[in-house]
Amino acid sequence: MGAFLVRRLAGMLVTMFIISTLVFIITNVVPGSPAALILGEDRTPDQVEALNRELGLDRSVPVRYVQWLGDLVTGDFGTSYYNDNSVASVIAGRLEPTLMLTFTSALLAVAIGIPLGIIAAVYQGTRLDYASMVVALMGAALPNFWLGLLLILLFSLYWSVFPAAGYASIFDDPGDTWRYLVLPAITLGASHAGVIARMARANLLEVMGADYLRTARSKGLRERSVVLGHALRNSMIPTFGVVGVALALMIGGSIVTEAVFAIPGVGRLLIESVLRRDFPMIQGVILLIALLVALVNLAVDIVYALLDPRVRYA
Amino acid sequence: MPPLRRSWRLAWLSRPVNMIGFGFFFLVVAAGLLAPLIAPYDPGLIAIRERLQPPSLSSGHLLGTDHLGRDIFSRMLYGARVSVIVGASVVILSSLIGIVIGLFGGYSRRFGNLLMRIIDGVMAFPEIVFALALIAALGSSLTNVIIALTFVYIPRVARVVHACTLALRNQEFVLAAEALGGKSFRVVFRHILPNTLGPVVVQGTFIFAYAVISEASLTFLGVGLPPGTASWGVILAEGRNYLLDAPWITTFPGLAIFLLVLNLNILGDGLRDLLDPRSRKLL
């Protein structure tokens with residue numbers, strides 16, 4: 001297990017290095033200098049040059065890259081172009097809503113998707129199977145910003161059950177937080193619930209034909225314990241991987257959901273920064289998201305290895 | 001084409017599920033192509049006096065009008081055109097580049113691993129975030145959205161082709177081609193490539209669907225297509241402020257995206273059954 005952990009951590013470091021390099025390349029091949037963009041139409045060449053020097057953009061790209069990587073390693077994510085705040089502190093202030101939203105959505109997606117998939121697999125070929133799979137397929141195809149708007153229309157504007165926008169921090173107002181999270185979590189969770197249901201069904205069906213299940217049946221076990229006790233446990237291992245992937249995707253999906261429900265999270269920050277062309281902030285948010293995704297994947301790998309010894313030695 | 005295979009394909013198409021999936025996709029493509037002929041109004045024609053009219057058969061606005069009095073039905077038709085252009089361009093471009101990367105990554109023993117590591121690194125990234133980073137650098141326009149989404153979906157194609165190539169590389173017909181003195185280039189493009197195309201077509205169907213959703217998402221976020229464009233994402237984003245007074249503005253483009261993506265997913269599943277027999281019946 002120790003060697004496995006070291007291998008995975010090394011892999012994660014390599015991934016993070018690749019991603020940070022990509023992020024640097026993408027945000028530094030900008031046509032037109034950021035200084036010119038910040039200063040707007042009435043700029044003079046002198047002003048542009050002065051600002052370039054202030055932002056450190058007068059040095060060559062490789063020098064900037066090495067400096068940037070060095071700063072990152074020491075935990076310095078730079079300062080915003082827009083207002084001189086430190087990128088790290090701004091992001092830290094926006095983290096809570098995003099994490100809460102992602103976590104709630106993941107719980108919801110698992111709570112709906114896995115039972116739906118199991119029911120479909122157990123009643124394979126029946127109307128119940130078709131109905132669950134149609135629901136799953138439709139959930140996976142719903143554009144989540146549209147689903148969000150429909151939920152706002154019904155539950156906020158027509159019936160006033162849940163707030164249409166905003167967020168209450170769990171530290172300030174824990175009793176209210178969940179009310180702000182219900183609609184966004186459904187919005188973000190729905191499509192993943194569909195994908196999880198389809199995978200849970202496929203994985204369970206794949207196990208259903210295994211020899212050890214025939215053995216379990218032939219020794220007189222009830223169908224219920226065959227499915228729930230024997231088949232389900234093994235089918236959950238690959239399904240668990242899908243849940244991990246879904247969680248990683250939800251971190252990205254939260255950007256759109258935050259925009260629909262005006263939740264002041266990291267995703268909103270990214271959009272604001274893209275519109276302002278605040279490149280240090282964009283880099284910071286993207287690296288943070290990449291780090292979160294990498295951590296989720298690492299956690300999935302570790303649980304995978306705990307559940308299935310074959311993974312450890314592969 | 002031998003008659004036996006033809007009837008098999010016809011049998012595939014005559015399954016209602018596949019027919020619906022294919023039919024709806026065809027309908028959207030046709031609507032997009034024929035938009036200038038079918039659309040009753042110019043999609044940008046502003047008629048303030050007819051603003052926010054609900055859908056009706058008699059008023060001449062089949063799907064109603066938006067906050068500037070523009071005809072939603074006409075805008076929807078032109079929006080189909082944008083979605084088809086984005087989807088098709090992204091599928092074609094990302095497939096072409098992804099195939100080359102995947103073939104090279106699977107066949108070249110020296111650089112293959114490194115290349116696929118980079119691809120894996122990119123794939124570990126949520127797609128919309130990657131697209132946003134590229135848009136931030138490139139600026140927002142139709143071309144840049146297509147470029148950004150192409151980069152985003154290259155890894156998907158590359159991975160599929162890479163996996164196929166690895167499996168095919170040691171197959172006897174490939175070894176035979178090599179033993180006969182076939183140059184790497186010839187072996188890869190004449191013998192391996194044709195056998196990877198089935199899965200690429202399946203992936204392409206899904207990428208089309210993702211690209212349509214991603215374009216609409218980026219536009220909805222305000223960083224995709226410019227506000228004036230007649231695209232489903234723009235109609236949705238603009239209609240959002242009139243959610244309560246004029247819910248039809250957001251309903252129809254949302255429904256269109258939903259149905260297109262749903263049918264592309266169905267089509268993709270059907271094509272997978274047809275082209276990739278191993279995964280049949282599982283999903």
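Protein chains get the first letters and strands the later ones, always in sequence-line order, with residue 1 at the start of each.
Just one residue in the list A:L150, A:L149, A:L153 forms a side chain to side chain contact (heavy atoms under 4.5 Å, CB included) with B:P247, and that residue is A:L153.
Note that the CD1 atom of A:I271 and the CG atom of B:L132 stand 4.5 Å from one another [nearest 0.5 Å]. Taken to the nearest 0.5 Å, the CG atom of B:L134 stands 10.0 Å off from the OG1 atom of A:T27.
At least one side-chain heavy atom of A:R198 sits less than 4.5 Å from a side-chain heavy atom of B:D269. Taking 4.5 Å as the limit, every side-chain heavy atom of A:N144 sits out of range of all side-chain heavy atoms of B:I213. Residues B:P126 and A:V293 are in side-chain contact: their nearest non-hydrogen atoms beyond the backbone lie under 4.5 Å apart. Here the side chains of B:L221 and A:F145 are not in contact, with every heavy-atom distance at 4.5 Å or above. With contacts defined as side-chain heavy-atom distances shorter than 4.5 Å, the pair A:V23/B:F130 does not qualify.
No other option in B:T250, B:N265, B:I135 has as many heavy-atom pairs under 4.5 Å with chain A as B:T250. Comparing B:L264, B:I128, B:L243 by heavy-atom pairs within less than 4.5 Å of chain A, the highest count is held by B:L243. Looking only at heavy-atom pairs under 4.5 Å with chain A, the residue among B:A133, B:S217, B:G239, B:A209 that has the most is B:S217. Most heavy-atom pairs under 4.5 Å with chain B: of the set A:V274, A:T15, A:I251, A:L270, this distinction falls to A:V274.
Contact of A:L22 with chain B is made through the side chain alone, with heavy-atom distances under 4.5 Å. Contacts of A:A248 with chain B are made by backbone atoms alone, with heavy-atom separations under 4.5 Å and no side-chain atom involved. Looking at A:I18, the atoms closer than 4.5 Å to chain B (heavy atoms on both sides) all sit in the side chain, from C-beta outward. Looking at B:F151, neither its backbone nor its side chain comes within 4.5 Å of chain A, counting heavy atoms on both sides. For A:V296, no part sits under 4.5 Å from any heavy atom of chain B, backbone or side chain. Proximity to chain A involves both the backbone and the side chain of B:L255, based on heavy atoms less than 4.5 angstrom apart.
Heavy-atom neighbours of A:M208 CE from other residues, nucleotides or ligands within 6.0 Å: above the threshold of 12. Around atom CZ of B:F24, more than 12 heavy atoms belonging to other residues, nucleotides or ligands sit under 6.0 Å away.
Here the side chain of A:W146 pairs no donor or acceptor atom with the backbone of B:F258 at under 3.5 angstrom.
The nearest pair of heavy atoms linking B:G222 to A:L275 is O-CD2, 3.7 Å.
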